[in-house]
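One structure below.
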2 protein chains.
Amino acid sequence: MDGAELGWELSTAVVLFHEAVARRLGLNAADHKALGIITRNGPLPAGALAAELRLGASAITALVDRLERAGYVRRVTDPGDRRRVLVCADTSGAPDLGAIFADLGREMSALMTKYDERELAAIGDYVVNTIAVLKAQTARLSESE
Amino acid sequence: MDGAELGWELSTAVVLFHEAVARRLGLNAADHKALGIITRNGPLPAGALAAELRLGASAITALVDRLERAGYVRRVTDPGDRRRVLVCADTSGAPDLGAIFADLGREMSALMTKYDERELAAIGDYVVNTIAVLKAQTARLSESE
DNA sequence: ATGTATATTTCATTGTATTGAAGTAGTCTG
DNA sequence: CAGACTACTTCAATACAATGAAATATACAT
């Protein structure tokens, strides 16, 4: 199996895993992606989320409503500017998420014990660079729209 | 940066790249996924696609309509069973797709030249096993639905 | 041949997310 | 303090894809 095909398989597996996680959380793909951004980029104002998702303001209100109703997110009015609403990942709803990823983490850890120092370094380097390439290509595809 | 975080970054990058490709092709995420299955699994009957996507028969008709209208796919009646409609990826629409992935392929190839034999073997093994783990976890998440 | 089963399509309906306009509340400038 | 601006929400209209039932065409069994 050559590199391109392997890459294709990996990306398919990643996408399907994401979808499975979303289904398990009771979210659609778009909302799951939004939750990822919120979880990752810490509390962020609704407007920033709109910009990130290239979505209108009212769509964000509806989206945050859904996530809040499902218990994955909280609204907190920004103390600095009370017009703003900060969207925070609600970690009390996160046991769910923890259980989902615990197995994955365990299996990946087990996998990594197979490799020696130098191999681990190569793998790490490969992953870091692959991320960079994907980001660059994503940017290239998105720029001329 | 630890393994879990790196894995999270990689999967995010993969998902965003997929979305960017879909946007560029003028497809939504679901249709892009379907096109992937069709491209990969060769010509396949509409019913098989329905099973794969866990979608109703009529939804498939609409989906194939969209892909056909966009020029990515053709309908061919199965000569063996003329009730069946085989859905074929239309490679004449594929220059698009080739151009999109050419850059990615080139950059990834360039990246791989950095590693020696043993490192390449480790990386390949890592990718293969990661795919296996992701598939297993996806199955686990999907089973008890 | 006839009848039953299968594969896909068509159509009307439903569900769900997005848009755009108007409204509300808060901030900033002069 | 007044006026202009910004951030979000609400609401009605719209777009889109999925569903389920009925229709069409083909295959298979007796």
Side-chain angles (χ1 to χ4, degrees), chain A residues 15 18-20 22-23 25-38 41-70 72-90 145, chain B residues 15 18-19 22-23 25-38 41-70 72-90 142 145:
Chain A
V15 170
H18 260 250
E19 284 178 13
R23 262 202 310 280
L25 295 177
L27 300 173
N28 61 33
D31 289 2
H32 180 214
K33 178 180 160 194
L35 180 56
I37 292 172
I38 296 163
N41 299 357
L44 83 175
L49 200 54
E52 191 83 27
L53 297 171
R54 303 188 182 193
L55 234 47
S58 53
I60 296 299
T61 299
L63 189 154
V64 176
D65 283 349
R66 291 192 295 272
L67 290 178
E68 195 172 39
R69 215 175 309 126
Y72 294 117
V73 129
R74 281 193 327 269
R75 280 182 165 93
V76 179
T77 49
D78 184 339
D81 179 347
R82 301 212 309 288
R83 290 168 303 181
R84 279 207 181 86
V85 169
L86 298 176
V87 185
C88 309
D90 186 344
E145 269 178 288
Chain B
V15 170
H18 260 251
E19 284 179 12
R23 263 202 310 279
L25 296 177
L27 301 173
N28 62 32
D31 288 2
H32 181 213
K33 178 180 159 195
L35 181 55
I37 293 171
I38 296 163
N41 299 357
L44 83 174
L49 201 54
E52 192 84 26
L53 297 171
R54 301 186 182 198
L55 232 49
S58 53
I60 296 298
T61 299
L63 188 153
V64 175
D65 283 348
R66 291 193 296 273
L67 290 178
E68 197 173 37
R69 216 175 308 127
Y72 294 118
V73 129
R74 282 193 325 272
R75 279 181 165 94
V76 179
T77 49
D78 185 338
D81 180 346
R82 301 214 308 287
R83 289 170 302 182
R84 279 204 179 87
V85 169
L86 298 176
V87 185
C88 309
D90 185 344
S142 305
E145 270 176 289

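Chain identifiers are assigned alphabetically (A, B, ...) following the order of the sequence lines, protein sequences preceding nucleic acid strands; residue numbering begins at 1 within each chain. The basis for the numbers below is simple: all heavy atoms, side chains too, and nothing from hydrogens, waters or symmetry mates.
- Residue A:Arg75 places no side-chain N or O under 4.0 Å from the OP1 or OP2 atom of D:dC8.
- Proximity of B:Arg82 to the phosphate of D:dA27: a side-chain N or O atom is located under 4.0 Å from OP1 or OP2.
- You'll find a donor-acceptor pair under 3.5 Å spanning the side chain of B:Arg83 and the base of C:dT6, going by distance alone.
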(request) List the steps, then state whether side-chain contact (heavy atoms from CB on, under 4.5 Å) holds for A:Leu35 with A:Val73. (result) CA-CA 8 Å; A:Leu35 180 56; A:Val73 129; 4.1 Å; yes
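- One interatomic measurement links the two molecules: CG of A:Asp65 to P of D:dT10, which rounds to 7 Å at whole-angstrom precision.
- We find that CG of A:Asp81 is positioned 8 Å from C1' of D:dT6, with the value rounded to whole Å.
- Rounded to an integer number of Å, the gap from A:Leu67 CG to D:dT9 P is 13 Å.
- Distance A:Leu53 CG to D:dC8 P: 13 Å, rounded to the nearest Å.
- Listed here is the closest heavy atom pair of A:Leu25 and A:Tyr72: O-OH, 3.0 Å.
- Between A:Arg75 and A:Asp90 no salt bridge is recorded (no basic side-chain N to carboxylate O distance below 4.0 Å).
- Counting only heavy atoms from C-beta outward, the side chains of B:Leu53 and B:Lys33 approach each other to under 4.5 Å.
- Axis angle across the helix from C:dA1-D:dT30 to C:dG30-D:dC1, with five pairs used at each end and values rounded to 10°: 20°.
- For the side-chain contact (heavy atoms from CB on, under 4.5 Å) test with B:Val87, the passing option among B:Val64, B:Val76, B:Ile37, B:Leu63 is B:Val64; the others fail.
- Contact detail for A:Ile38 and A:Ala89: the closest heavy-atom pair is CG2-N, 3.6 Å.
- Here D:dT9 presents its C1' atom at 15 Å from CG of A:Leu49, a figure rounded to the nearest Å.
- A close approach under 4.0 Å does occur between a side-chain nitrogen or oxygen of B:Arg84 and OP1 or OP2 of C:dA7.
- The shortest side-chain heavy-atom distance between A:Thr77 and A:Leu86 does not fall under the 4.5 Å cut-off.
- Spacing between atom CD of B:Glu52 and atom P of C:dA7 amounts to 16 Å, rounded to whole angstrom units.
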(request) Scan nucleotides 14-21 of chain C nucleotide by nucleotide, 5' to 3', and note B when protein non-hydrogen atoms come under 4.0 Å of the base, S if they reach only the sugar-phosphate, - if neither. (result) ---SSBB-
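- Residues A:Leu67 and A:Ala34 share a closest heavy-atom pair of CD1-CB, 4.5 Å.
- Side chains of B:Ser142 and A:Arg23: a donor-acceptor N/O pair is present below 3.5 angstrom, by distance only.
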